[in-house]
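From a predicted model like this one, the values you see are computed outputs, not experimental measurements.
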Amino acid sequence: MPRWLPSLVLMASLTACREPIAPPPHTVGVQPDSSPIRFRDVASEAGIQFKYGGAASSPRTILQVTGGGAGFIDFDRDGLLDILLVGSRVALYRNLGAGKFKDISSRSGLAVSGILMGCAVGDYDNDGRPDVFISGHGEARLYRNADGRGRFLDMTQKAGVGAPSPYSWSTSAGFADLDADGKLDLVVCRYVEFTPKSRQLCEFTNMGGGAKILASCPPLYYEPQRPIVYRNLGDGKFADVTAKLPKLHGSSLGLSFADYNNDGRMDFYVANDARPGDLLRNQGNWSFENVGAASATGYNRDGSEQAGMGTDWGDYDQDGRMDLVVTTFQNEPRSLYHGEPSGLFSYASYTAGIGTQTLNRLGFGVCFADFDNDGLPDLAFANGHVQDAIAKLRPPATFEQPMQVFRNVGKGRFSEVTSSCGPDLSRRIVGRGLAYGDYDNDGRIDLLAVDSQGAPLLLHNETATDNHWLTVRVLSKHGGRDAIGTRITLVEGKNRRISEVQTCRSYLSAVDARVHFGLAKASAPRELVVLWPEGETTVVKEPGVNRHIVVRQ
């Protein structure tokens with residue numbers, strides 16, 4: 001191994017440590033506090049028997065430590081969220097109600113197996129039933145929901161969205177209507193070129209300068225693969241229109257959509273590992289501009305490339321502009337970008353109180369969600385290292401790591417409350433995918449977390465609160481599908497809060513297509529303003545509280 005390679009390893013990557021980024025002088029110290037937010041892992045009692053990984057020998061390659069996806073999907077349209085789990089195979093669990101699930105994988109038709117990564121959910125053929133895309137190494141499969149009763153058909157070849165090569169490595173993927181034509185398009189992120197001839201492992205020296213230890217190599221050792229963008233042609237087929245977009249940096253892991261500049265067109269962010277992040281601003285007519293660097297979301301606070309993993313959008317300070325969060329490597333703070341009136345972003349990790357608190361974790365899955373229904377979006381992270389020998393290489397770092405929950409305390413600040421959220425949140429896992437949704441329809445947002453070396457965690461939200469809430473499902477005029485991309489504004493007196501219908505969030509995961517609003521103790525909202533992707537507007541007067549409503553275009 002050449003003498004210069006260890007210094008490359010230490011730069012910033014999926015499998016290397018960085019020196020901590022020192023907090024800036026204006027850091028706001030937010031101390032952990034108690035909160036009403038509580039979660040309990042009910043996977044086993046709910047009937048979910050599934051195992052991720054765990055059998056791979058040590059040391060593990062970069063290919064063996066990256067995957068593990070999960071998703072919520074209401075495939076039978078009964079109003080109860082079902083569960084998708086993606087590991088070495090795909091499992092589908094039907095929600096029976098009363099907190100119970102039934103494994104229907106054997107008859108689902110989701111028969112792909114191998115080195116799989118994650119899932120995306122969206123009704124690409126506008127028949128009112130959500131379909132599924134599965135990503136993986138050498139695998140990319142599109143499954144059509146055939147009957148709404150749990151049977152899926154492999155439409156990959158007909159649709160033209162299969163893996164373009166035997167070693168194409170697809171990661172996060174998502175459906176969105178990028179051209180506002182009423183048909184969901186598909187974006188597929190891809191990671192690096194990893195083949196049997198690639199370097200499998202790298203040699204590291206432990207912290208004491210003694211033993212040489214083999215572990216997975218950082219992504220900079222491999223050629224980056226780049227995302228593919230498919231346009232939905234409307235006849236069950238897609239066309240690869242990637243060439244219409246600016247060239248992206250590649251080594252892509254995370255993906256999330258949002259109309260971040262409020263111009264009525266759907267934009268998206270791609271989190272790249274050890275390369276600049278890409279923010280694609282939609283200019284219409286399949287013209288996109290990569291404003292990652294110009295918007296200040298392509299780099300961290302110091303202007304350096306970061307190990308971007310998962311990503312999500314949300315208006316955490318309720319100023320009517322979408323903010324962006326990106327999970328990163330250990331010794332890199334999670335990056336929180338605050339949306340400014342100019343259309344640019346400011347780096348807010350330290351002023352918001354999540355900078356220092358996340359330095360000692362390696363983050364993958366992430367979500368903005370209001371766990372205590374106080375009207376303020378909170379943050380959750382699924383954490384876990386990528387080197388199973390990291391405890392020997394860089395103590396006190398560990399392979400298994402606890403999740404983290406940050407409660408939004410208002411005025412643009414968060415407080416870590418993990419220790420008071422229950423013992424299952426503090427349990428060490430090798431966290432990867434993280435999905436959110438209200439699977440039991442009790443008005444509280446639950447979590448579905450991947451432990452890539454064990455069983456999934458179905459984290460039931462058992463927060464004791466009498467805060468009000470409202471959940472909104474919007475159905476498009478195009479076949480009655482979930483109207484992905486719809487902007488919903490909740491009006492409470494002079495206050496206006498925004499959210500969007502999206503299923504592509506976090507890392508390798510799919511989330512509840514319904515929009516959830518926590519309302520605190522407020523009286524009923526005055527109205528909901530629903531802005532559909534095509535530009536039409538629907539106003540719902542006095543939608544009520546503590547209920548699930550459906551709005552049709």
Side-chain angles (χ1 to χ4, degrees), residues 12 17-39 254 271 300-302 304 306-312 314 316-317 323-338 346-372 374 376-385 390 394-431 434 436 447 449 459 506-507:
C17 294
R18 294 193 62 177
E19 292 302 313
I21 298 176
H26 59 276
T27 295
V28 175
V30 181
Q31 299 299 319
D33 66 2
S34 61
S35 81
I37 299 175
R38 299 279 297 184
F39 289 96
N300 64 18
R301 176 181 60 85
D302 292 342
S304 302
Q306 60 192 5
M309 314 291 191
T311 177
D312 196 6
Y316 73 87
D317 60 347
D323 311 302
L324 176 68
V325 62
V326 180
T327 56
T328 54
F329 202 76
Q330 190 148 326
N331 293 332
E332 295 177 343
R334 303 304 87 90
S335 287
L336 181 64
Y337 301 98
H338 178 260
S346 60
Y347 192 87
S349 298
Y350 287 105
T351 54
I354 71 167
T356 303
Q357 292 81 353
T358 55
L359 279 171
N360 64 346
R361 300 284 184 266
L362 196 162
F364 277 91
V366 58
C367 70
F368 278 116
D370 186 356
F371 299 125
D372 53 3
D374 66 352
L376 300 169
D378 309 301
L379 274 170
F381 298 102
N383 301 316
H385 213 280
I390 193 63
R394 300 289 184 270
T398 57
F399 187 39
E400 298 88 358
Q401 300 179 355
M403 296 178 63
Q404 288 178 291
V405 174
F406 288 82
R407 185 183 180 214
N408 191 329
V409 296
K411 298 183 179 180
R413 298 171 61 204
F414 293 86
S415 176
E416 184 174 6
V417 296
T418 309
S419 61
S420 65
C421 289
D424 291 324
L425 260 295
S426 299
R427 195 167 86 222
R428 293 177 182 270
I429 64 173
V430 183
L434 180 66
Y436 63 88
L447 294 172
L459 294 163
S506 188
Y507 175 75

Worksheet item: Looking only at heavy atoms, what is the nearest atom pair of Val325 and Leu379, with distance?
Response: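 Distance-wise, the nearest heavy atoms are CG1-CD2, 4.2 Å.
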Item to complete: Looking only at non-hydrogen atoms, find the nearest pair between Val326 and Gly308 and report the distance.
Response: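 Answer, listing the atom of Val326 first, then Gly308: CG1-CA, 4.0 Å.
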Any non-hydrogen side-chain atom of [X] less than 4.5 Å from a side-chain atom of [Y]?
X	Y	value
Arg428	Thr398	yes
Tyr316	His338	yes
Phe381	Thr327	yes
Asn331	Arg394	no
Thr328	Asn300	no
Asp312	Tyr436	yes

Fill in: For Gln401, the option from Arg427, Gln330, His385 that meets side-chain hydrogen bond (donor to acceptor under 3.5 Å, both in side chains)
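Output: one option passes, namely Gln330.
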Worksheet item: Side chains of Gln404 and Thr358: is there a donor and an acceptor less than 3.5 Å apart?
Response: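 Distance-only check fails for Gln404 and Thr358.
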Practice prompt. Report yes or no: do Arg301 and Ser349 form a side-chain donor-acceptor pair below 3.5 Å?
Written response: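 No donor-acceptor contact under 3.5 Å links the two side chains.
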Worksheet entry | Any residue meeting side chain to side chain donor-acceptor pair (under 3.5 Å) with Thr311, in chain and number order, not counting sequence neighbours |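 Partners of Thr311 by the side chain to side chain donor-acceptor pair (under 3.5 Å) criterion, ordered by chain and then number, come out as Ser256.
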Discussion item. The criterion is side chain to side chain donor-acceptor pair (under 3.5 Å); which residues satisfy it with Asp323, sequence neighbours excluded?
Written reply: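 None.
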Practice prompt. Check side chain to side chain contact (heavy atoms under 4.5 Å, CB included) between Ser426 and all other residues, then give those that pass, not counting sequence neighbours.
Written response: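 Thr418.
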So, [X] side chain and [Y] main chain: donor-acceptor pair closer than 3.5 Å or not?
X	Y	result
Asn383	Arg361	no
Asn408	Pro377	yes
Gln306	Glu332	no

Discussion item. Ring-plane angle category for Phe414 and Phe368, please: parallel below 30°, perpendicular beyond 60°, tilted otherwise.
Written reply: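 The rings of Phe414 and Phe368 sit tilted, inter-plane angle from 30° to 60°.
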